[in-house]
Amino acid sequence: MAKLRYAEALNIALREEMTRDPSVFLFGEDIGTYGGVFKVSKGLLEEFGDQRVRDTPISEQALTAMAVSAAMTGTRPVLEIMYADFLPLSLDALVNQASIYEYIWKEKVQMPFVLRTQGGGGAGAGAQHSKALDVLVAHIPGLQVVAPVTPADARGLLKAAIRDPRPVIFLEHKLLYNMRGEVDLDSEGLVEIGKARTVQPGTDVSIFATSKMVIDAEKAAELLAKDGISAEVIDLRSLRPLDLGAIKASIAKTNHAVVVNEGWRFCGYAAELSATIMDHAFDELDAPVERVTLPDMPIPYSETLEASVLPNAEKIAAAAKKTLA
Amino acid sequence: MAKLRYAEALNIALREEMTRDPSVFLFGEDIGTYGGVFKVSKGLLEEFGDQRVRDTPISEQALTAMAVSAAMTGTRPVLEIMYADFLPLSLDALVNQASIYEYIWKEKVQMPFVLRTQGGGGAGAGAQHSKALDVLVAHIPGLQVVAPVTPADARGLLKAAIRDPRPVIFLEHKLLYNMRGEVDLDSEGLVEIGKARTVQPGTDVSIFATSKMVIDAEKAAELLAKDGISAEVIDLRSLRPLDLGAIKASIAKTNHAVVVNEGWRFCGYAAELSATIMDHAFDELDAPVERVTLPDMPIPYSETLEASVLPNAEKIAAAAKKTLA
Amino acid sequence: MKNAPSIDDQVEMYRKMIACRRVEEAFGTLSKEGRTRGPIHRCDGQEAVGIGATAMLTDEDYITSTHRGHAHYIGKGVDIYGISAEILGRKTGLCGGRAGHMLIADPAKGMIGGNAIVGAGIPAATGMALSNQILKNGRVAMTLFGDGSSQTGIWHESMNMAALWKLPVVFVLEHNEYGLTVHSDRQGSTKDISERAASYGIPTEIVDGNDALAVYRAVSTMVERARRGEGPGFVECKTYRWEGFSTSDMGGYQDPEVIAEWKKRDPIKIAYDQLVGEVGAEKLDQIERDTSADVRDAIERALADPLPEFEICNYTAPYSGEVH
Amino acid sequence: MKNAPSIDDQVEMYRKMIACRRVEEAFGTLSKEGRTRGPIHRCDGQEAVGIGATAMLTDEDYITSTHRGHAHYIGKGVDIYGISAEILGRKTGLCGGRAGHMLIADPAKGMIGGNAIVGAGIPAATGMALSNQILKNGRVAMTLFGDGSSQTGIWHESMNMAALWKLPVVFVLEHNEYGLTVHSDRQGSTKDISERAASYGIPTEIVDGNDALAVYRAVSTMVERARRGEGPGFVECKTYRWEGFSTSDMGGYQDPEVIAEWKKRDPIKIAYDQLVGEVGAEKLDQIERDTSADVRDAIERALADPLPEFEICNYTAPYSGEVH
Ligand SMILES: Cc1ncc(C[n+]2csc(CCOP(=O)(O)OP(=O)(O)O)c2C)c(N)n1
Ligand SMILES: Cc1ncc(C[n+]2csc(CCOP(=O)(O)OP(=O)(O)O)c2C)c(N)n1
Ligand SMILES: [Mg+2]
Ligand SMILES: [Mg+2]
């Protein structure tokens with residue numbers, strides 16, 4: 001077992017998959033010479049050469065379209081989009097191209113590409129570099145969307161994503177890259193897409209969280225424990241497909257649910273979680289599902305302001321208490 | 001009172017506002033010489049000249065960004081995006097620009113622009129020309145999103161949208177343009193953004209619908225009436241801001257809700273309606289909210305296939321019965 | 001002559017142009033009769049571009065097309081019965097009726113595919129060329145696109161990357177003077193769009209788009225360069241749209257006299273004149289009769305085919321495990 | 001000389017360049033000390049572009065900027081205390097701490113605004129020019145942007161519309177050879193990006209971007225044309241980035257010798273040499289001392305200012321009526 005940084009775990013996953021399969025290639029802005037602005041692709045240009053590790057111009061729209069079509073024609077592209085805030089530029093290629101081809105072309109094509117990006121706040125990056133925007137991609141049929149939190153999941157899901165025959169949007173978070181965790185490098189470590197992870201079991205309330213919010217949910221569970229409340233924390237890991245079985249099982253135990261997502265509230269990913277729970281576990285619920293999200297406004301820059309809008313352990317704990325009240 | 005087509009009502013609204021305010025101008029693809037592919041801007045080039053009615057190149061991304069900045073600098077642009085399927089191309093200008101400026105620049109700017117587009121299926125236009133995608137814009141703080149169904153609302157909301165100091169995304173539907181309805185041309189006819197419309201009162205179940213789905217909901221109510229079920233049909237009209245008061249009042253009466261939206265189900269607009277109702281009317285609900293939406297897959301072309309995926313009166317009536325069962 | 005097609009190739013191009021013309025006419029009529037779903041984007045008068053530009057490609061090479069792709073499909077060897085059944089939304093269509101008239105593809109023939117997002121075929125072919133370069137498979141990707149689509153941002157992003165990385169992609173501009181209803185002079189600031197491509201360092205050539213032979217020659221030079229690893233090429237084919245944007249076009253903005261002038265330069269007539277000395281009128285007339293009958297048969301067969309039955313798509317479902 | 005600034009204008013440009021340099025140095029230091037939030041995108045060595053290009057504009061004219069906009073802001077007359085307080089996230093910042101270091105704007109000065117979506121300022125200025133043309137208000141819009149941003153699709157879409165409609169917009173390319181960490185040779189296929197602009201029919205000029213006078217002359221020619229209604233202009237200013245992409249840049253990809261060569265061509269030194277004969281060393285030195293003190297005071301004042309208190313934004317709320 002090695003104690004690795006999240007960014008290192010991703011780097012290892014890329015190296016492993018590129019070594020295993022020569023059709024895997026990386027492209028994106030500043031991923032080559034510099035090794036990526038978050039250093040996820042460090043050393044890979046030297047190891048695999050500039051055909052398979054390509055620095056690109058700032059052209060997200062065409063790059064994403066190229067990932068889709070390259071994936072249809074024999075390669076397995078891994079595209080890095082530097083900030084999730086730029087996903088709108090990728091969206092036509094995702095919703096009007098990647099989403100439809102396999103179905104409308106009667107399963108005669110597949111698109112095994114991975115789009116890696118990172119979103120989220122807390123770094124003072126301002127209104128254009130701090131958003132989650134995960135719901136924009138989670139809405140699209142034909143895409144899979146994962147958001148690992150631990151280094152082991154980062155490695156395992158990235159490897160699974162690269163091997164998957166269908167598109168995967170791989171969501172990282174700028175505050176996760178330096179977090180450390182155990183990774184078993186002696187095993188393949190593949191993590192199946194579509195399976196949630198129970199971070200900690202509990203009996204009073206279920207907290208379902210995505211991406212970096214899982215860390216905050218864990219802290220909230222500690223706060224709640226002090227008040228004698230036993231929270232079950234579930235890391236959804238896969239936003240699409242969603243592990244409905246895990247959600248139902250947890251609510252069957254606790255009868256109370258809090259959903260936590262770093263995107264905006266209105267029409268955000270947390271809305272789907274709330275609606276899904278209503279659809280499938282209404283009778284088990286003793287109180288309405290509580291949503292903990294960003295408020296519906298732009299993300300401000302200054303520390304005091306940004307801290308006020310971001311979800312955190314206190315807000316999650318308060319929501320849990322509210323649903324139990 | 002005149003009996004007008006929806007497209008004519010829009011045309012009149014544009015003419016009225018352009019006459020009233022010389023800072024209003026129109027631009028978009030094929031809106032000038034041809035009068036728009038749905039003929040909404042017919043005759044306006046001749047009347048107002050090519051400075052204020054501009055045919056554009058196929059450049060949705062820059063056009064939308066230009067609408068935002070033109071609106072900040074003294075004009076009131078009305079941009080036509082031919083199909084809602086192309087909204088991804090507009091999205092950076094909406095979510096990273098229009099959404100943030102007023103707030104981050106401390107209310108020193110405003111952006112009175114209208115982006116008109118039309119979405120939805122039923123015309124055999126295929127996977128790239130039939131989508132609603134309304135949730136993509138309804139998610140964005142700082143935008144308002146309206147979707148009128150009647151010719152009178154089309155005129156009244158378009159005039160209100162053009163006069164509004166903030167951005168409005170104005171969603172039309174390709175199957176509505178030829179529908180007729182009474183329009184009182186002797187009155188200004190302004191319709192306030194953010195107010196729902198009760199299409200028909202009822203006592204057993206509330207059906208909340210958007211855009212063309214309102215027509216299907218009305219038909220569903222007729223079907224339900226035959227079975228002795230009294231459905232209240234509410235045309236939300238404004239997707240953002242949403243008329244929560246109207247929703248709560250209706251559910252307080254019926255204790256049952258069906259939400260209908262033509263977008264995909266997962267993370268779609270109907271998910272927010274469901275979650276909103278959970279948040280604000282959980283105790284009033286006798287059964288979970290039923291969502292009637294497109295299934296989570298691409299929209300196929302052939303008539304038999306497309307008809308199978310689109311929501312319709314039968315599906316809505318079935319959902320209403322399910323929630324009452 | 002260098003890069004000239006053989007006489008057999010030329011005859012085959014002639015046959016395909018006839019086939020395409022019959023397809024356009026037949027669907028024009030069917031549409032008028034209300035027997036198609038949605039409008040048809042006819043390419044009568046532009047056949048020389050799609051057919052001349054694809055004639056030197058193999059099934060291993062890729063092309064991407066547009067909403068106006070009939071000549072591209074036929075040029076790339078896609079079966080006319082399958083195309084027709086797809087346009088008609090039949091179960092037997094190339095895509096089982098799922099794709100429809102603007103989005104047809106035939107991966108087995110390297111035609112992937114039609115695209116109704118204007119401009120989207122351009123980065124698509126560029127990405128295929130990127131695949132080809134990485135796999136070193138000697139394949140070429142080609143994209144056929146319109147003057148209107150040349151004003152999209154992805155055009156620029158694609159030109160730049162193709163030139164920068166010397167990708168094996170050939171850009172074929174089908175300049176028919178209109179993007180929907182607006183003349184190209186009012187959509188773009190540059191008359192010859194290939195001038196812009198040249199500013200990226202891409203070799204360009206402008207040809208008479210109604211002369212399939214001229215199209216073939218110019219394009220095959222670019223295809224050979226690309227195949228040799230020398231990078232992209234750009235051919236601007238000047239042609240004209242005879243039949244309006246689509247069958248739902250209400251017209252009124254194209255000058256009938258200009259149309260009449262262009263009709264005098266019918267690409268089929270030009271091809272006929274180029275060939276008749278070599279192969280004789282009899283053979284060409286026979287080809288015309290046979291091909292017309294083939295197309296008629298194919299479309300009639302397609303018209304008699306059943307519509308598909310709906311099945312939910314499972315692999316796009318949003319829940320994993322038990323729920324689909 | 002035609003389009004030359006007056007000596008007073010030149011002195012003012014000199015003063016602003018000094019001010020900007022002091023801002024860059026001060027924030028470089030503050031960032032190293034961990035006293036800024038997020039990285040700072042310094043423009044030391046590039047001041048002549050932003051300041052030379054904006055010197056002939058009025059407060060009524062508009063500019064749009066980038067993530068690296070300090071010289072643009074200062075050139076356009078925005079207050080350095082307000083800028084500094086905003087970078088530091090203070091309540092007293094130009095935008096109350098909401099915008100932060102990359103998104104500063106000052107609508108009263110026509111600076112709207114910084115933009116951290118690469119390329120987004122380009123259509124923004126084009127849209128402002130469209131407004132100006134419709135309102136016939138005689139205003140000009142200018143956008144300053146980088147070599148990296150010239151590879152975005154909106155660059156192309158904007159060039160085309162600006163040229164097609166003869167919009168009063170001036171494009172000022174600040175070519176500092178890098179887009180983040182990748183050299184422009186590996187981002188674009190065209191060495192002189194203005195060649196591409198020329199292919200749209202836009203008048204272009206390439207100038208020494210370290211010579212504020214040269215920048216001023218070329219840009220003011222374009223501004224005058226635009227103001228007269230003759231359409232857009234494009235000036236490519238060749239300069240170089242001294243201090244890495246931002247203060248969080250780990251470096252290792254720029255050649256120290258190349259940096260040293262460029263530092264010999266310090267724009268402030270060039271401006272000094274151009275002025276010293278006219279106004280004398282004493283006056284210039286006095287300006288340097290006074291300006292440096294002013295900047296130091298402004299930043300110290302900003303550092304002492306309070307952080308803002310949070311208030312929810314009501315006008316973006318998703319429910320109408322009672323709920324906000
Ligand atoms: C992104 C996008 N914008 C607009 C449209 C609507 N549209 C379809 S075809 C067309 C004109 C295309 O012109 P051109 O590329 O010259 O092709 P042509 O029709 O002449 O073959 C337009 C505007 C679209 N389908 N996609
Ligand atoms: C759309 C988008 N893509 C990528 C980035 C990340 N990024 C920020 S600045 C930059 C480089 C910009 O280069 P250039 O335009 O030359 O400006 P310079 O930094 O040299 O001033 C990149 C890639 C971004 N902010 N926006
Ligand atoms: Mg055309
Ligand atoms: Mg640069």
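Convention: sequence-line order gives letters A, B, ...; per-chain numbering from 1.
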* Asked: Is the side chain of B/Gln128 donor-acceptor paired with the backbone N or O of C/Ala116 at a distance under 3.5 Å, no angle test?
  -> yes
* Is it the backbone or the side chain of C/Ser248 that comes under 4.5 Å from a heavy atom of chain B, or both, or neither? -> backbone
* To do: Verify the distance criterion only: is there a donor paired with an acceptor across the side chains of B/Asp296 and C/Thr316 at less than 3.5 Å?
  => no
* With sequence neighbours excluded, give me every salt bridge (Lys or Arg N to Asp or Glu O under 4.0 Å) pair touching residues 50-59 of chain B. => B/Asp55-C/Arg186
Donor-acceptor pairs under 3.5 angstrom involving side-chain atoms of residues 36-45 of chain B: please list them, not counting sequence neighbours.
| from | atom 1 | to | atom 2 | distance (Å) |
| --- | --- | --- | --- | --- |
| B/Lys39 | NZ | B/Tyr34 | O | 2.6 |
| B/Ser41 | OG | B/Ile31 | O | 2.7 |
| B/Ser41 | OG | B/Gly35 | O | 3.1 |

* Non-hydrogen atoms of chain B under 4.5 Å away: do they reach the side chain of C/Leu180, the backbone, both or neither? -> both
* Asked: Counting distance only, does the side-chain N/O of B/Ser59 pair as donor-acceptor with the main-chain N or O of C/Gln151 below 3.5 Å?
  -> yes
* Is the closest side-chain heavy-atom distance between B/His129 and C/Met102 below 4.5 Å? -> yes
* Asked: Measuring from B/Ile58:CD1 to C/Thr152:OG1, what's the distance to the nearest 0.5 Å?
  -> 8.0 Å
* Asked: Which residues from residues 301-310 of chain B are near chain C, with near meaning under 4.5 Å between non-hydrogen atoms?
  -> B/Tyr301, B/Ser302, B/Glu303, B/Thr304, B/Leu305, B/Glu306, B/Ser308, B/Val309
* Asked: In terms of heavy-atom contacts, does NZ of C/Lys238 have more than 12 from other residues, nucleotides or ligands at under 6.0 Å?
  -> yes
* Asked: When only heavy atoms count and the cut-off is under 4.5 Å, which of residues 117-127 of chain B reach chain C?
  -> B/Gly122, B/Ala123, B/Gly124, B/Ala125, B/Ala127
* Report yes if some heavy atom in the side chain of B/Met297 is under 4.5 Å from a heavy atom in the side chain of C/Ile312; otherwise report no. => yes
